[in-house]
Amino acid sequence: MAVRSEVAEPVDDVPLHLREAEATGRSVTLKVWRGDPTGGELVSYEVPAQEGMVILDAVLWIQAHVDADLAVRWNCKAAKCGSCSAEINGFPRLMCKSRLDSFQGDITVTPMHTFPVIRDLVTDVSWNYEVNKQIPPFSPSEEDLKDPEPWRMQQEDVQRLTEFRKCIECFLCQDVCHVLRNHEQKDQYYGPRFMIRTATLEMHPKDSLDRRPMLKHKAGLGMCNITKCCYEVCPEHINITDNAIIPLKERVADEYFDPVRWAARKLTGDKRGRRPVRGMEDAPDQR
Amino acid sequence: MAEPAVNYDEVSTDVLVIGAGGAGMRGAIAAAQAGCRVQVVCKSLLGKAHTVMAEGGMAAALANVAKPDSWKTHFSDTMKGGKLLNNWRMAEIHAKEAPERVQELERWGAIFDRNAKGLIHQRSFGGHTYPRLAHIGDRTGLELIRSLQDKLVHSPGVDVHMEVTVTRLLVRDGRVCGALAYRRQDGGLVVYRAGAVLLASGGLGKIYRVTSNSWESTGDGTALAYHAGAILQDCEMVQFHPTGMIWPPGVRGLLVTEGVRGEGGLLRNSQGERFMEKYDPERMELSTRDVVARSINQEVLEGRGTPHGGAFLDISHKPADFIKSKLPSMWEQFHELADVDITKEPMEVAPTIHYAMSGVRVEPATGASNLAGLFAAGEVACGLHGANRLGGNSLSDLLVFGKRAGDAAAAFAQAGHKAVSWESGQLSEAIAYTLRPLTGEDGENPYQVHAELQDALTRHAPIIREEKGLRVGLGKVKELQERAARVAVASGGGRHFNPGWHASLDVQSMVDNAEALFVSAIERRESRGAHTRSDYPEPDEELGKVNFVVEKDGRELKLDAIAKEPIPDELMEVINSKWNTDYTRED
Ligand SMILES: Cc1cc2nc3c(=O)[nH]c(=O)nc-3n(C[C@H](O)[C@H](O)[C@H](O)COP(=O)(O)OP(=O)(O)OC[C@H]3O[C@@H](n4cnc5c(N)ncnc54)[C@H](O)[C@@H]3O)c2cc1C
Ligand code: SF4
Ligand code: SF4
Ligand code: FES
């Protein structure tokens, strides 16, 4: 098994914080799933541990020192881009946000289960991009669009949305949601990420569309039975169920059952005079 | 050269946009709105570009928090911050148009924090006379990316190819008319034929060991442009951000947003002194980045560094709720990755490579390069920021010049510049270059060459530079260039999502960028902005009147000095104006 490469030359003239990091002397066994759509297996690697090392560091160490072709998707290594999603000991996580020292014993790293494997830790997440395109985008009213003055909105109204706007599209919630993961009902439910997306649009003070028919029918809001698994894995700690899905469910109910209308409005800052989503007006009512 | 027997797909488009960061997406939207078919390609998935990491905000003289602000003050701040090496025309356009671009983004769905009047709130940042940065918490880049992404995918005529990397531009008679790329997913090659090409590929931070930049920042765009015959400018000018994380090693370089200081964070050395008093008593922590980075460097050199060789940055005197609402990702970043609670204890920080002021030399108003049909915008383009970029000026740069370059590329493609074919032999050469690392059996390890390159830059082109070191560095880079030409994927693995192959091509871009940096840094025998020379500690008035440029001459890199267009008197007056700082903030 591989040993750590020597540090090339003495580094005394380089300031402390710029030196090559030193290994701690400990090492960790990483079992990484390697394979392609036809199949694969776990491969063990011995990785020298550094202080504060994250799983992604370990995977990149393997790339640089053992198997250059180990496929992994990453970008920022700062938990900001949502590229490095995988399952660590079976739990959906960002590899760049998972510290090696937070696990005991061997660590297993496998690709997200819900999406087709491309190679090794990389999966094909293009379905999510297709779903996103189906959600009617931000649509302010004609009046607001024509307004020559800068828009005014209150911090309070904006604040509610900031939680949702934190979403980095890591698709870990999509990975864990049993509707998509175990039942493979991708044709019936857009998944938690896109409930967040829709909630942002629905609660935007300047948006004028009504996406409730879409939520009820095409997006399959009713498929969610509030297990809250999505919230548990969200690296941005977005309270997907309590703050987005449940209010959306109430909002949809609001359309169909009048008595709760006032409650939903209070919860979610409903706006009047929304236009229904084009093409969804005549969607069959499945009540 | 024999035609390699390889298959490739061909795609025709009016405007090819290379890059889907802020600049690329804004440019693509502009070109689509002008009626063009637009093909966007990017190395990673859509919405993951480096821009997503931007934290602090985007600078625009909206005058929401500080009434006296105007484009003039913003222009003056930008020019002074850049030590007048900036292209003044770009600085003027930027200051005038940034407010409109920010408001436009809001009308496309972006959400910003508000002031009490319900207008976009603006925060203070280094080098800006007034609070000027529109922001949402400390994740403004994500907001910009997501808003543009949603606008882009709903723009008619736009197609996006994700995880596709361009390896060569294709040229005919000095006109860029296409590009060769590979798909990560299956390793297939794609040839793009385009009426115009907009380069928006971002920066080059990965040439240094300690950087805030993402994986993508390997200087591909500047290398592509250089090999096609474009002129690169100010290659010595790279910005060290004063505050990167330094502990634990795994997170070294990770950015600590300037927003921390903007919200009241204080810098102290190991003796507890607020050392900025010595270096810039007026602006203190909110001095420009070049000054703060050098000051921290100096404190460490003089033995007043923190245990891991940096400075303390402390915001814990502010209420915990305030910190968590204004700087949520910073709180989380330190809590999760460094076991530090920034509401209770100071952070340890030191300078990290952050931004390339250098890049493709462009026409100020259009982003046109010296090659017909090639436009550039965003971090890959050069001119707006001069010798030092002010925080927040990049995100507004992306919007202002992304739009302008997109408009200009569309106009070029529509002005009868139909797609043409490249010169014969070019494509087969480009294909051979792209596939070569897959064939070399006992070639160099790309990761090793990359590590040595980072070492050379880290040692020989640090914050404080001197001739001898720069020359040693250049020598090393030349050797590394030869080795980079022999990199190969030792473990094989084929073309199907093979990072070893990708790294082999990235490192070849990086060595060429490094050569341009060293050559230009040697030539600028003065200290100006981000470029500090211990052997020439003062600015030199004459050198302030020129930009150093490099281009490819045969196989060699050629350096030249180009005289800057003098700043008109009336703008010089603006730059030297006194600004009213006696006003009431409207937070
Ligand atoms: C941590 C951090 C915080 C920052 N905070 C701020 C801030 O608060 N305010 C501010 O103004 N600026 C900030 N900046 C700077 C700013 O974010 C960047 O300068 C800016 O985002 C660059 O945008 P861009 O569109 O030019 O390129 P990028 O966002 O870097 O995008 C480049 C695109 O080009 C693609 N690409 C590259 N090479 C190729 C190739 N060969 N083939 C195909 N595609 C390619 C990439 O995939 C990517 O899509 C920050 C930077 C960092 C690192
Ligand atoms: S709460 Fe709903 S969306 Fe979330 S995981 Fe459970 S079923 Fe899926
Ligand atoms: S909601 Fe959370 S888990 Fe889901 S994609 Fe967004 S950031 Fe990831
Ligand atoms: S690499 Fe960006 S989130 Fe992990």
Side-chain angles (χ1 to χ4, degrees), chain A residues 5 8 13-18 20-22 36 50-54 57 63-65 67-83 97 99 118-120 122 124-126 129 132-133 137-138 140 144-145 150-155 158 161-162 165-166 168-169 201 204, chain B residues 44-48 52-53 103 106-109 111 113-114 117-120 136-137 139 142-143 146 150 153-154 185 209-210 214-216 246-252 254 300 305 308-310 333 336-338 350 445-447 452 455 458-459 489-493 496-500 503:
Chain A
S5 74
D13 55 329
V14 175
L16 190 59
H17 83 281
L18 298 177
E20 266 198 62
E22 282 169 33
D36 59 26
Q50 278 174 12
E51 190 111 27
M53 201 176 196
V54 292
D57 289 316
Q63 249 185 17
H65 297 89
D67 279 339
D69 63 341
L70 167 59
V72 57
R73 193 184 265 137
W74 68 289
N75 208 344
C76 66
K77 208 174 99 61
K80 292 212 163 75
C81 74
S83 300
K97 209 184 179 182
R99 296 250 304 251
I118 293 175
R119 182 174 180 181
D120 304 341
V122 179
D124 179 357
V125 293
S126 56
Y129 288 86
N132 191 34
K133 271 190 215 160
F138 177 61
D144 275 333
L145 275 180
W151 281 357
R152 285 173 197 254
M153 290 180 246
Q154 293 316 309
Q155 181 67 21
V158 164
L161 302 181
T162 56
R165 294 295 279 186
K166 287 195 305 191
I168 56 174
E169 295 206 326
L201 292 163
H204 193 299
Chain B
S44 37
L45 294 173
L46 190 60
K48 314 279 181 212
V52 91
M53 300 170 77
Q103 311 261 19
E106 175 164 87
R107 288 177 184 227
W108 291 352
I111 290 162
D113 282 334
R114 322 303 296 183
K117 286 192 170 155
L119 296 167
I120 294 174
I136 173 108
R139 40 162 209 86
L142 173 62
E143 190 62 31
R146 207 60 85 224
D150 288 323
V153 298
H154 290 102
Q185 177 152 358
R209 187 183 294 141
V210 174
S214 79
W215 153 84
E216 299 186 301
I246 50 177
W247 190 258
V251 300
R252 268 191 324 188
L254 220 68
V300 176
H308 299 105
Q333 183 172 312
E336 300 253 339
L337 299 174
N445 175 346
Y447 299 100
E452 289 182 39
D455 193 64
T458 304
R459 279 165 193 279
V489 199
S491 57
H496 174 199
F497 216 113
N498 183 344

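- The residue among B:I136, B:V153, B:L142 with the most heavy atom pairs within less than 4.5 Å of chain A is B:L142.
- With a 4.5 Å cut-off on non-hydrogen atoms, A:A79 does not touch chain B at all.
- Nearest heavy-atom pair across B:S44 and B:W215 is CB-CZ3, 4.2 Å.
- Looking at B:N445, the atoms closer than 4.5 Å to chain A (heavy atoms on both sides) all sit in the side chain, from C-beta outward.
- Interface residue B:W247: only side-chain heavy atoms are found under 4.5 Å from chain A.
- The greatest number of non-hydrogen atom pairs below 4.5 Å with chain B, out of A:L145, A:D120, A:V158, is found for A:V158.
- The contact between B:A338 and chain A is made entirely by backbone atoms, counting heavy-atom distances below 4.5 Å.
- Between B:R139 and A:R165 there is a side-chain heavy-atom pair separated by less than 4.5 Å.
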**Request:** Kindly indicate, with the supporting measurements, whether the criterion side-chain contact (heavy atoms from CB on, under 4.5 Å) is fulfilled by A:M153 and B:E106.
**Result:** CA-CA 11 Å; A:M153 290 180 246; B:E106 175 164 87; 3.9 Å; yes
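- Of the residues considered (B:V251, B:D150, B:V52), B:D150 shows the highest number of contacts with chain A, using heavy-atom pairs under 4.5 Å.
- Between B:R146 and A:E169, at least one side-chain nitrogen of the basic residue sits less than 4.0 Å from a carboxylate oxygen of the acidic one, meeting the salt-bridge criterion.
- For the set A:V72, A:N75, A:I168, A:V122, the count of heavy-atom pairs under 4.5 angstrom toward chain B peaks at A:N75.
- The contact between B:L46 and chain A is made by backbone and side chain atoms together, counting heavy-atom distances below 4.5 Å.
- In this structure a side-chain-to-backbone donor-acceptor pair under 3.5 Å is missing from A:E51 to B:P248.
- Contacts of A:V125 classified as side chain to side chain contact (heavy atoms under 4.5 Å, CB included), with partners at least two apart in sequence or in another chain: A:R73, A:M112, A:F115, A:T123, A:N128, A:Y129, A:F171, B:L45.
- Of the residues considered (B:M53, B:Q103, B:R107, B:H154), B:R107 shows the highest number of contacts with chain A, using heavy-atom pairs under 4.5 Å.
- Listed options A:G82, A:G52, A:S126, A:C81 were ranked by heavy-atom pairs under 4.5 angstrom with chain B; first place goes to A:C81.
- For the pair A:Q154 and B:G118, the tightest heavy-atom approach, listed with the atom from each and the gap, is NE2-CA, 3.9 Å.
- For A:L161, the part lying under 4.5 angstrom from a heavy atom of chain B is the side chain only.
- Considering only residues two or more places apart in sequence or on other chains, A:D36 meets the side chain to side chain contact (heavy atoms under 4.5 Å, CB included) condition with A:T38, B:H496.
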